[in-house]
Amino acid sequence: MAFLELHGLTKTFGGVPAVDELNISVETGEFLSLLGPSGCGKTTTLNMIAGFLDPSAGNIRLNNAPLHTVKPRDRGLGVVFQSYALFPHMTVSENISFGLEILKVPQGEARRRVEDVIDLVRLAGMAHRFPAQLSGGQQQRVALARALVIEPPLLLLDEPLSNLDAKLRDDMQSELRRIQRSVGTTTIMVTHDQSEAMALSDRIAVMNQGRLEQAGSPQEVYDKPASAFVSGFLGKTNLLHGRLQRGGDGIGVIDIAAHRFRASDDQTCSPGPVKLSLRPEHIRIGKDAEDHACRVSGQIHSRVFLGDRWIYDVNCVLGTLLVYGQSGAAPFEDAETVSMSWDAAKLRIVEAGHA
Ligand code: ATP
């Protein structure tokens with residue numbers, strides 16, 4: 001049994017499911033992100049774990065005991081909101097020690113814990129400032145310190161970095177990761193930012209319309225997306241329609257627009273119509289045709305230079321493919337004929353049974 005278990009967790013508003021039979025397990029010390037587009041049910045899920053919302057169905061177990069029946073204040077969880085929600089009339093150390101006063105932690109111990117956590121989030125020297133005298137990033141650290149000082153079994157983060165500008169967000173990502181690693185608190189973070197989820201998480205649970213689409217390590221969900229939605233939500237991709245066939249030797253081939261390509265051996269779905277994902281960075285582009293089982297020629301339709309790479313739209317028999325050219329490589333001209341190839345393992349079946 002995992003440390004935290006969500007079983008058939010469901011929340012409906014006016015009969016419409018916002019979270020629909022969600023099953024997720026989280027191991028001790030794990031950093032899990034709930035990732036998905038706006039309105040997919042991430043915050044509703046977090047609010048049910050925190051106890052701010054009652055589930056319509058299903059249950060939540062923490063450490064093998066029911067959690068959904070416990071009052072929010074008795075759950076002892078650390079929560080950091082997007083808005084930080086600091087008390088403006090209290091100093092940094094008063095904000096942080098507030099939760100310890102509620103828990104009636106003896107003064108000496110409380111002082112030691114507040115000092116330790118202020119060091120952990122690197123706010124030494126700012127203990128006597130008020131929130132208005134801090135930058136956004138510093139306020140965010142106070143919110144994190146306030147959540148961690150009560151030594152919660154579970155830390156819940158709701159879009160904690162979304163109020164910070166891009167540079168500060170990058171810095172705080174590494175800080176958050178360092179802090180979570182050093183205290184080892186099991187953490188669930190809500191985000192709609194795929195790069196943030198990739199940078200911080202041990203595992204990502206991708207949600208769509210209240211349902212779990214896929215849960216896995218950042219590399220698993222990126223390289224082996226379980227659905228067309230996941231492949232499109234995590235980075236850019238080319239979605240293609242084809243048909244999987246199997247030869248007498250069991251080796252699969254994929255027919256797309258009357259062209260035949262080798263299928264990767266690790267994809268075991270039944271023969272028939274399939275939807276496929278081919279990432280732009282997995283397509284090699286060159287002037288000369290490579291001798292390769294997965295190859296097609298095309299014509300450059302348009303190109304954009306992004307500094308670290310070229311991005312091409314290439315018209316070919318499969319449609320218009322998005323392709324990344326390596327940095328430094330001589331660019332292809334508009335209307336130039338090019339050859340594209342890829343490894344069979346990179347053409348991923350993301351849906352079976354769709355024509
Ligand atoms: P965002 O990234 O925009 O915060 P989210 O994935 O966190 O989105 P939720 O806030 O969980 O999404 O909302 C899921 C769905 O439930 C949405 O369609 C939302 O409109 C609906 N919803 C959420 N709270 C309520 C409520 N109190 N009453 C009615 N509908 C609600």
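Numbering of ligands and ligand atoms starts at 1, following listing order. Just so you know, residue 1 is the first one in the sequence shown, and it goes up from there.
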Inset, instruction - Decide whether D20 and Q209 meet the rule of one side-chain donor and one side-chain acceptor closer than 3.5 Å. - result: no

Legend entry - Beyond-backbone contact of D202 with L32, side-chain heavy atoms, under 4.5 angstrom: no

Inset, instruction - Establish whether atom 20 (O) of ligand 1 and some protein heavy atom are separated by less than 4.0 angstrom. - result: no

Legend entry - Side-chain H-bond candidate by donor/acceptor type, N315 with Q299, under 3.5 Å: no

Inset, instruction - Say whether C40, considering both its backbone and side-chain N or O atoms, lies within less than 3.5 Å of an N or O atom on ligand 1. - result: yes

Legend entry - Top protein contact for atom 3 (O) of ligand 1, by heavy-atom distance: S38 OG, 2.6 Å

Inset, instruction - Could you tell me whether some N/O pair between G39 and ligand 1 is separated by less than 3.5 angstrom? - result: yes

Inset, instruction - Assess whether salt bridge (charged side-chain N to carboxylate O under 4.0 Å, His left out) is satisfied between E21 and R211, documenting all intermediate values. - result: CA-CA 7 Å; E21 297 199 19; R211 290 182 163 269; 5.5 Å; no

Inset, instruction - Distance to 0.1 Å, residue and atom name: give those for the protein heavy atom nearest to atom 28 (N) of ligand 1. - result: F13 CD2, 3.4 Å

Inset, instruction - Before signing off on this row, confirm whether T45 and ligand 1 have an N or O atom pair separated by under 3.5 Å. - result: no

Legend entry - H89 NE2: over 12 foreign heavy atoms closer than 6.0 Å: yes

Legend entry - Protein residue, atom and distance nearest to atom 4 (O) of ligand 1, heavy-atom basis: T43 OG1, 3.7 Å

Legend entry - Any N/O pair H192/ligand 1 closer than 3.5 Å: no

Legend entry - P37 near ligand 1 by a heavy-atom separation under 4.0 Å: yes

